[in-house]
Every structure is written in structure tokens, then in C-alpha cells.
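Here is the structure we will look at, set down as C-alpha cells.
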Protein chains: 2
Amino acid sequence: MMTPVRARPLVVEPIRPTDPCTNCEARSFSVCNAIEAKDLERLAALAVPLAIDAGRTFIEEGDTAEHFFNVTAGTAKLFKLLPDGRRQITGFACVGTFLGLAVSSTYAFGAEAVEPMRVCRFSRAKLKALLDDFPAMEKRLLEVASNELVAAQEQMLLLGRKTARERLASFLVVRAVNMASGVLPCSSRPADKVTLPMTRSDIADYLGLTIETVSRTLTRFKSERLIDIPSASEIAIRDFAALEGLATGLN
Amino acid sequence: MMTPVRARPLVVEPIRPTDPCTNCEARSFSVCNAIEAKDLERLAALAVPLAIDAGRTFIEEGDTAEHFFNVTAGTAKLFKLLPDGRRQITGFACVGTFLGLAVSSTYAFGAEAVEPMRVCRFSRAKLKALLDDFPAMEKRLLEVASNELVAAQEQMLLLGRKTARERLASFLVVRAVNMASGVLPCSSRPADKVTLPMTRSDIADYLGLTIETVSRTLTRFKSERLIDIPSASEIAIRDFAALEGLATGLN
DNA sequence: CGTGCTTTTGAAAATCATCAAGTATAGTGG
DNA sequence: CCACTATACTTGATGATTTTCAAAAGCACG
């Protein structure tokens, strides 16, 4: 159940293109777009691009927080653990997500790559110094934090008050909406296909359920013609409206 | 179960002392202390101090977010609702708490006074403008948001993975620690008495349980000599260490 | 001293977890 | 390319924690 400890050093295959930021395909999604093109050089000087293998833990809960991370490719799961191994995944970080916001000196959560990832790593101290020169970026960070706070509140509602069916429906609906907005101009219709790079165990730990309940609920959705399950990591949405109704508790 | 709608206008007994900020007893707890004494006048010009009756909803989920609030006395519960009335309380806002952080134009949560409250109300637009002149305050807001994010993650762990006993123990432990730090110099020993201004229903909706489970669990704690219950709104901590062990899942 | 609310306590029911196989799927090495 | 193994996923039976339903006991307030 628990993540095996890897002995290898963290830095895996560092990449050093001429200018990591200017052509960064993740910039438009991320906090970095608060910085104008002419100033990108200063940001680039701080950014250490890294490749991270799937399954690797790159933030350990409780470690001293020396770095910020910005996800440029792939997906990570963020989690908190109880001493006996119980795990709560607090979110999935995809392209553009900024990690490491914490006032305290230690990370309040762990992070592990779900898929092979690319991230930009920043020294906390240096980036904080940089923030003094770019108030726009600080504003952007506040926006990001506020958005995450809203998402966290929504997740508390899910964990505290929704049934297993409602939780899975919510999960699929959010995924479908996010997948669509990533590709198409914002706020279009939801995707009709959802990919699940994470395992059933991850989904369970995200929704506060067990893998069995996740599996059973998805099979039931399928038998109700709400979804299709072409493969374990792919879900086709057949009745988005019904799922949305379920997700919002309209039964 | 649902909060009755009040017909009265929101603004209850506005207070207008000569300078609401300089002598504000909540300033040291709040974001306002990011502003130096000489600049307090500009902040004071924006602050509208209000008194709010217990039970009054002063932020309605979904309403257009026109104001920020800063709690100067009393306690509020913040919550999200499902259409059928299920409620999740996402937090309790006490003295010093800043409310209204939201990027979107509408509030993502509702807020209702648990006790009689005093708050300072700010126009969002005006306060945002003020932020441009006081980057220190923006930094402070980011800190606040980061702290809330950490708390939210902790609450997700509680809601998703802890048992009823562990949830109640966590709740009491956090309260005991907070009560102590409010009165005494920070990071001293936890309070040996905890006041619960909120109802059992509020506690249940905060912990993702029912009032019956909250009541039963507390009585069981009492029979196990972990606490005493002199009155429904007052709990004496008899074995803090045991509660803390429970809270962290050490059984 | 009722009246209405909150809280407590009890019994029954239900959702979800646990335990236990069995079935896919993917990765490995022959 | 194909067994072979390990892992992930699904499915079934049972069980337990928590909810639901019900009612009594406390408390606050007029």
C-alpha cells in the first residue's frame, strides 16, 4: 500500500535547453505567464528543468521545503499520510500547476509522479526574492492559491457529505470538463472521453473510498449506460447530464 | 436543517468610531498588521465595521462577491450546501480571519455567525486597488491563503480517511491548541478547557458526521476519562496526549 | 411552568469496508 | 513471440461503522 522508498538521488536527467522558459509549452497555463517576455530570462536563470519517472516521490511530506515546482508535463498526485499507511490524495497536479505553496518551513504534503513528468524546480529563497521585483507574479500566486482553496472546499463537501456514487460522478464530471478546457477554447462542452492516468487505488484515496467501491461503482455506471469502460484507464462519457445531476446531489 | 432565510437587511448596527483600525483589538491577528501605523488611515477609510447577530447569514454562497470581511470578534461558520440541504462546514472563522478570497465573481461558500460578531467590511474593488500600494499586504494575503490551504488539506485527510473517534479527537486537539495560542504567548501547552460556541449540528457538518455520532463519541470519550463535559458547550480536556494519539491515527 | 430547541440515548437499517478469489493487463526474460 | 510473473482490476460474500429513525432528557426563554 505504501510507496516504496527509492534510494536513487532525486535529480533525474536534468535538461538544460538554451532558454527553458521562452518556449515552454506550459507557460500559458502557469504562474510564469505573469512575467513579460523580456523578463523571462531572469526566471529562466532560476528554473531547473527536471524529468521525473513515474512512481517517483519528489516531495516528501515533512521534509524541509527548499523548492517550488512547476509542472510542465505529466501528472502528480499530492497526498497526506497517517502513520498506519492510510492515505488521502488531496489533488492531482497537472500541467501548469504550481507546487510548494507553504508558509511553514516543511512540506505539508507529499507528491509522487503518476505518469512520467517534467517539472521546473525553483529555489524557494531565490524565487521569493524574485517576487519582490515582479508583483504581478505575486498577484498571480494569490489567484492560484485562491482557486485551490475553492477546489479544496468543494472537495471537503465531496468527502464529508457525498455518497460513493456522487463522488465518482463528481470526479468524472470534473475530469471531463478539465480535459475539454485544456484542448479547446475555454468553457466549451465537456470531453466525451476521460483518461485516468492514476490507478484505482489513487482514485479511491482521492475520493475517500476503497478500490473495490470505486470499481463496483464504475461497473454500475456502465450497466446504467452512463459511461463505457473501453479500458481501465479510459472512460467514455455516455450521459454527461445524468452524471452531472448525480455529482450535484440531485440524485 | 437548513438555515431560515432572514428578510432583514444585512447591515446591522453599523459602528463608526473615530478610527476603527488604530485601536482594533483584532489587528495583531489579521492581515491588517501588514500595514504600518502611518498608513492605517487609508485602510480605515475603507473599513465598514458591522455588528452581526448570532445566526445571521452574512455571505450567501453564489452571490456576487462584492465585499471582503475581516472578523474582529465572534465566530462564523463557513459552509457549502447541496441542493437537498446536506451541508459541509469548511471551517470556523474566528478573530483575525480574512474572508472572501475568491477569484471568481461569486462567493464559493456561505458564512453565518455562530456567536454575535463584529466584522470589518471592505469593498472588493477598493481593497484590491489599495493592494497595489501595499505589496506587504498582498504578501500577507498569500501567506494567509497558503495557511488555509494547509488546513484544508489536513481537513481532507480527516474527512476522507479518519474514523469518527479520530475526527472528534482531532477537532478537540486543534481547538485546545488554538485556544491556548490565543491567550498565551504562542506555542505553549494546549488549553485544558475548550469552549464550543457552535452546536452539535455544526460540529457534525464540519466533521462529516451526524449529530448522533458526535454526541455518542463525546460521551464515550467521557466514559474513557479522556474528557469531561460540564456543559454541552464546554469540554474539559483530561488526557490531551491520548486525544492527540487518537487524532493522528496512532489508535 | 410550559414551549421549543438542543442534546442524549436506543434500536434497526444501510452504506461502505473488509476479506477472499478470480480475471485481466503489462512487463520480463527466455 | 510467447510463457511467466507481478500487478492491477473486478466480482462476490460477509461484516462493521455509521446513519437513520424514534423517543426521552436537558436547557433556555418567555
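Quick caveat: nothing in here was measured; it's all calculated off a predicted structure. Just so it is clear: chains get the letters A, B, ... in the order the sequence lines come, proteins before strands, and each one is counted from 1. Hydrogens, waters and symmetry mates are skipped; everything else that's a heavy atom, side chains included, is used.
Across the protein-nucleic acid pair, A/L196 atom CG and D/dA8 atom C1' stand 14 Å apart, rounded to whole Å. Rounded to whole angstrom, the span from the CD1 atom of A/I211 across to the P atom of D/dT10 amounts to 9 Å. Distance, B/R167 CZ to D/dT18 P: 8 Å, rounded to whole Å. When rounded to the nearest whole Å, the span between CD of A/E212 and C1' of D/dG15 equals 14 Å. Rounded to whole angstrom, the span from the CG atom of A/L218 across to the C1' atom of D/dC9 amounts to 11 Å.
Over its full length, the helix from C/dC1-D/dG30 to C/dG30-D/dC1 turns its helical axis through 40°, comparing axes from the five pairs at each end and rounding to 10°.
B/Y107 is linked by a ring pair (Phe, Tyr, Trp, His ring centres under 6.0 Å) to nothing, counting only residues two or more places apart in sequence or in another chain. Every residue two or more places apart in sequence or in another chain was checked for a salt bridge (charged side-chain N to carboxylate O under 4.0 Å, His left out) with A/E60, and none qualifies.
Between B/V71 and B/F29, the closest side-chain pair of non-hydrogen atoms is not below 4.5 Å. No side-chain heavy atom of A/L172 sits less than 4.5 Å from a side-chain heavy atom of A/R175. Counting heavy atoms from C-beta on, the side chains of A/C24 and A/T72 come closer than 4.5 Å. Looking at A/D205 and B/R161, their side chains come closer than 4.5 Å, going by heavy atoms from C-beta outward. B/Q153 is not listed as a side-chain neighbour of A/L78, based on a closest heavy-atom distance of 4.5 Å or more.
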Before giving the answer on salt bridge (Lys or Arg N to Asp or Glu O under 4.0 Å), spell out for B/R86 and A/E166 the whole-Å C-alpha distance, their side-chain angles and the decisive distance to 0.1 Å.
-> CA-CA 13 Å; B/R86 277 176 287 175; A/E166 290 165 350; 2.8 Å; yes

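First and last contacting nucleotides of DNA chain C toward chain B (any atom under 4.0 angstrom from a heavy atom, 5' to 3' order): C/dT7 to C/dA11.
Annotation: ring-ring contact (aromatic ring centres under 6.0 Å, His included) contacts involving residues 156-180 of chain A, sequence neighbours excluded, comprise A/F171-A/Y206.
Ranking D/dT20, D/dT10, D/dT18 by closeness to the A/S215 side chain, first place goes to D/dT10. Checking D/dT18, D/dT20, D/dG12 against the side-chain heavy atoms of B/R216 singles out D/dT20 as nearest.
Residues A/K162 and A/E154 come closest through the heavy atom pair NZ-OE2, 4.1 Å.
OP1 or OP2 of D/dT19 has at least one side-chain nitrogen or oxygen of B/T210 nearer than 4.0 Å.
Using a 4.0 Å heavy-atom criterion, one finds that A/T199 contacts the sugar-phosphate atoms exclusively.
For the segment residues 219-239 of chain A, residues with any heavy atom less than 4.0 angstrom from an atom of DNA chain D are, sorted by number, A/T219, A/A232.
Each of B/I227, B/V214, B/L226 was scored for a side chain to side chain contact (heavy atoms under 4.5 Å, CB included) with B/L168, with one residue passing: B/V214.
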